[in-house]
Structure formats: structure tokens, C-alpha cells
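So the structure is just underneath, and the comments pick up after that.
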Amino acid sequence: MENLISIGVRSIFIDNMIFAYFLGMCSFLAISKKVSTAFGLGIAVVFVIGITVPINWLIQNYVLTAGSLAWLGPNFANIDIGFLQFIVFISVIAAITQLTEMAVEKLSPALYGTLGIFLPLIAVNCSVLGAALFMVGRPYNLAEATVFGIGSGLGWMLAIVALAGVREKMKYSNVPAPLRGLGITFILVGLMSFGFLSFLGFSL
Amino acid sequence: MSTEAVAVQEKKSEPLLSKANRKLISNPLDIDNPITVQILGVCSALAVTTQMKPAFVMSLGLTIVTASSNVVISMMRNSIPSRIRIIVQLAVVSLWVILVDQLLKAYVYDVSKQLSVFVGLIITNCIVMGRLEAYAMGNKPWPALLDGIGNGLGYGIILMSIAFFRELLGAGSLFGFKVFEAIGLHYQGNGLMLLPAGACILLGVIIWVQRSINGYRESH
């Protein structure tokens with residue numbers, strides 16, 4: 001249990017998807033002009049990462065790793081299809097995104113109204129595939145992988161909501177014309193990233 | 001239909017490097033740059049630029065993937081049902097990424113280790129998807145190829161300039177060659193440049209300089 005909490009806190013604050021790894025920057029920069037939309041996208045990302053990481057964990061450990069097909073029978077014991085990792089992972093992510101979109105549309109039209117346009121975009125959000133690939137590189141079990149997935153999503157959501165809050169206030173400041181928009185946003189992200197560096201001091 | 005056959009066929013109607021086609025390559029380098037104007041492919045631009053060598057390999061890999069998947073999608077564009085186009089595009093892109101990944105592992109293993117997950121993340125690099133959606137789905141293979149190469153180079157230029165400053169100021173070297181020691185100076189590396197935060201601020205400044213020169217403006 002302690003271990004899970006530590007992985008959760010670590011993935012939200014210390015190994016933050018945005019401030020430590022820069023994953024999911026495109027939608028992070030493009031959809032952070034208003035707090036409400038940023039929040040909606042954040043929730044959708046938490047949801048998709050939280051589902052795809054455990055699914056990809058199962059696929060990685062029971063299908064893709066060398067020798068992991070042994071459960072199909074002894075003939076399959078020495079098959080290694082690890083090179084298919086990218087294409088399998090991205091297909092799972094695209095499929096889950098599509099399914100999520102359909103499920104949300106069916107079950108909660110109100111939520112679909114707010115998230116609708118963002119849901120398909122999540123398939124190409126690097127943080128989703130990034131979380132799956134990081135998960136492979138670390139010795140997690142299924143529970144730890146799930147916590148890691150949800151934590152990474154929450155970290156991403158925290159970052160986009162915080163940036164949207166700052167950018168809403170930026171409208172009232174007098175920024176030099178060539179720096180307006182993207183330029184000042186990058187500098188803001190840099191400064192926020194300094195803030196998140198202080199979490200490095202935590203030892204968990 | 002092979003690429004050469006298409007290129008020859010096009011030649012009859014319009015010269016291979018007509019003015020419009022040259023623009024496809026030159027625009028992404030400056031006023032239509034994928035990173036600084038279209039805001040695409042930012043993640044990897046910040047993450048792989050602590051040194052010049054991985055940045056160079058990454059730009060090369062991305063250019064290959066963008067150009068070749070642009071050509072493939074452009075050839076298939078009339079037979080892809082629009083409802084499932086995203087998954088078709090992802091499948092084509094991941095095919096090329098797997099090839100690039102295997103090549104890197106075979107020939108430059110140390111760089112491939114350094115790039116770690118970011119080679120795989122070319123699949124979700126918005127430049128590739130963005131160009132497929134915005135250009136390859138509606139244009140012939142030859143212009144699509146040029147568009148892919150142009151955007152790859154535009155990405156490469158920004159990547160190399162970020163990596164130049166980060167490696168020079170952060171570690172005092174270029175492509176691993178100790179510049180300051182070679183001219184007899186002692187240089188204490190600026191650790192800030194190697195951190196994610198330094199990369200963001202540096203990119204902000206690069207955008208500032210580029211927009212001051214080419215006059216591109218956006219309102220907040």
C-alpha cells in the first residue's frame with residue numbers, strides 16, 4: 001500500500017508528465033487558454049491513461065515479452081514479438097479512445113458535450129503512449145501500473161489547469177508583441193517547471 | 001504505383017521543382033515552422049535536445065518518417081474511409097517508426113539508448129499526424145513528399161538550434177567536442193540549460209527572436 005502511494009505521488013509531482021518529461025505538450029499548449037476546457041481535457045486524459053496503461057501492461061506481460069506466450073502451449077514458448085510493441089500499443093490506445101468516446105456519448109450526453117471534441121485528440125497525446133512506454137521500462141506489477149497510469153494523468157491535468165489559470169491572467173499584461181502567445185507561454189512553462197523542480201527534494 | 005512512376009507522371013504537367021513545390025520546402029523553415037508557428041511536435045523538441053547528436057538523429061528520423069508516411073497516405077487517400085482514418089494513419093506511421101527504430105538499434109545503438117522512448121513517440125508526434133491530416137489526405141504523393149521533407153527540416157532547424165545552445169552552455173561542448181577546452185579556457189557547465197526548464201525558456205526566446213525577424217504576430 002505504501003509503495004502504491006509512493007508511486008502515485010511520484011508520478012503526479014516528481015515525474016510530472018509535462019514538467020519533467022515534456023509529454024503531451026502539443027495539446028497542453030493549444031488547449032490551455034481557458035480553465036474550464038483545460039479541466040475537461042484533463043479529466044478525459046486521466047480516464048484514458050488510467051485505462052490504457054493497465055491494458056498495455058497485460059498485453060506486454062502476456063503477449064509481447066519474449067517467452068510470455070507460453071500460456072498458449074509449449075510450442076509458443078520461444079516466440080518473441082516484442083518488435084510489434086509500438087503498433088500494438090498505439091492500436092490499443094486508439095481503440096480505447098474510440099470506445100471511450102462512444103461510451104461517453106451513450107451514457108452521459110452532458111459530459112460528451114463538454115469533452116466531445118477533445119476525446120479523439122487524446123489518441124495522439126504523447127503522454128498516453130509515453131506512460132505506456134515508461135511503464136514497460138519499469139518493473140511494475142498490475143496494481144502499480146494502474147496507479148502509475150492514473151497518477152501520470154492527474155499530473156498532466158494539474159499542469160494544464162495551472163497553466164490555463166496563469167494564461168487567463170496574462171490577458172491583462174502588456175507583453176512585447178513578438179513574444180505574445182506561444183513565446184511567453186513557453187517562458188511561463190519554464191518558470192512553472194522550476195517550481196516543480198523543488199519536488200525533487202522529496203525522498204519517497 | 002511506385003514513387004518514381006508518380007514523379008515522372010507529374011513531370012509532364014508541371015516541373016518537379018516548380019515555385020509552388022519549392023515553397024513546400026522553404027515555408028516550414030520559417031513562416032510556417034512546425035514547432036514555432038504550428039505548435040506541433042513540441043514534446044520531443046524539448047526532451048531530446050540536451051546534446052546535438054541525439055537531436056540530429058531525431059531530426060533525421062522524424063524527416064524520414066514524415067516524408068514516407070506522407071507519401072503512403074497520399075497514395076491511399078482515396079480509399080481510406082474517413083471514419084477510421086486516424087487508426088489507418090497511426091498504423092502506417094508506426095510501421096515506419098518501427099523500421100527507423102530497428103535501424104537505429106542496429107547502427108547507432110548508444111544514441112538509440114539515449115533517445116529511449118522518444119523514438120517510439122515519433123508515432124504520436126503531432127507533426128507527423130498533423131501533416132497527414134492537413135496535407136497528405138488531400139494532395140498527390142510528390143507534393144506530399146516535399147511537404148514531409150520540408151516540415152522535417154523545419155523541425156530539425158529548431159531542434160538543432162536549441163541543442164546547440166543547450167549543449168554549448170550546459171556542457172561546454174558541441175557534438176561531444178569540448179569547445180572551451182580546445183581553445184584553452186575553463187568552462188563551468190551551466191546546469192540550468194540541461195534541465196527541462198532551461199529548454200522551455202530557451203525555446204521561448206528563440207520564438208521571440210524568430211518572430212521579431214519575420215514579423216509573425218498573434219494576439220495573446
Side-chain angles (χ1 to χ4, degrees), chain A residues 16 18-30 33 83-91 93-95 97-98 120 123-130 132-134 136-137 167 170-171 173 175-197, chain B residues 35-48 84 86-87 89-91 93-95 97-98 101-102 105 116-130 192 195-220:
Chain A
N16 187 288
I18 295 280
F19 296 125
Y21 295 116
F22 297 122
L23 294 179
M25 284 297 270
C26 312
S27 36
F28 176 70
L29 294 170
K33 284 183 181 147
F83 64 93
L84 287 177
Q85 194 188 49
F86 295 150
I87 202 162
V88 172
F89 278 12
I90 198 68
S91 317
I93 290 169
T97 318
Q98 196 92 55
V124 285
N125 186 321
C126 340
S127 59
V128 182
L129 183 61
L133 293 176
F134 279 132
V136 172
R167 281 183 81 176
M170 285 297 295
K171 280 181 210 147
S173 0
V175 181
L179 198 57
R180 261 177 216 161
L182 195 57
I184 192 71
T185 310
F186 268 117
I187 293 177
L188 268 178
V189 175
L191 294 176
M192 286 165 77
S193 168
F194 276 130
F196 268 71
L197 279 181
Chain B
I35 295 182
T36 61
V37 179
Q38 304 177 43
I39 330 185
L40 297 175
V42 179
C43 328
S44 51
L46 296 171
V48 299
I84 57 157
I86 303 255
I87 207 157
Q89 289 166 357
L90 284 176
V93 175
S94 32
L95 175 86
V97 172
I98 290 174
D101 185 44
Q102 300 285 331
K105 279 194 181 132
S116 71
V117 300
F118 288 96
V119 180
L121 286 174
I122 295 180
I123 301 174
T124 49
N125 190 310
C126 335
I127 296 185
V128 184
M129 289 298 289
L192 172 65
L195 290 172
C200 272
I201 294 180
L202 197 59
L203 183 50
V205 174
I206 287 179
I207 292 174
W208 189 1
V209 171
Q210 197 191 28
R211 289 186 178 178
S212 312
I213 296 170
N214 69 15
Y216 181 90
R217 297 285 185 275
E218 63 179 300
S219 57
H220 289 285

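Computed from a predicted structure; not experimentally measured. Labels below follow one simple rule: chain letters A, B, ... track the order of the sequence lines, proteins then strands, and each chain is numbered from 1.
With a threshold of 4.5 angstrom between heavy atoms, L182(A) approaches chain B through its backbone and through its side chain. Residue contact with chain B, scored on non-hydrogen atoms closer than 4.5 Å, involves the side chain of L197(A) exclusively. Heavy atoms of F19(A) lying under 4.5 Å from chain B belong exclusively to its backbone. Proximity to chain A is limited to the side chain of L195(B), based on heavy atoms less than 4.5 angstrom apart. Neither the backbone nor the side chain of Q210(B) comes within less than 4.5 Å of any heavy atom of chain A. Heavy atoms of L192(B) lying under 4.5 Å from chain A belong exclusively to its side chain.
Residues D101(B) and F86(A) form a side-chain contact, since some pair of their non-hydrogen atoms from C-beta on lies under 4.5 Å apart. Residues F186(A) and I201(B) have side chains not in contact (no heavy-atom distance under 4.5 Å, counting atoms from C-beta outward).
Interface check for chain B: of the options T185(A), I93(A), I90(A), the most heavy-atom pairs under 4.5 Å are formed by I90(A). With chain B as partner, the option from P176(A), S91(A), C126(A) having the largest number of non-hydrogen pairs under 4.5 angstrom is C126(A).
Taking CZ of R211(B) as the reference point, atom CG of L179(A) lies at 9.0 Å (rounded to 0.5 Å). A distance of 8.0 Å separates CH2 of W208(B) from CD1 of I184(A), quoted to the nearest 0.5 Å. Note that CD1 of I207(B) and CZ of R180(A) are 15.5 Å apart. Values are rounded to the nearest 0.5 Å.
When every heavy atom of A197(B) is checked against every heavy atom of G190(A), the shortest pair comes out as CB-O, 3.4 Å.
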Q: Output, in order, the C-alpha distance, side-chain angles, deciding distance and verdict of side chain to side chain contact (heavy atoms under 4.5 Å, CB included) for F89(A) and S94(B).
A: CA-CA 10 Å; F89(A) 278 12; S94(B) 32; over 6 Å; no
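Under the side chain to side chain contact (heavy atoms under 4.5 Å, CB included) test applied with I87(A), the options L90(B), V93(B), I98(B) reduce to a single match, I98(B).
Considering only residues two or more places apart in sequence or on other chains, Y21(A) meets the ring-ring contact (aromatic ring centres under 6.0 Å, His included) condition with F134(A).
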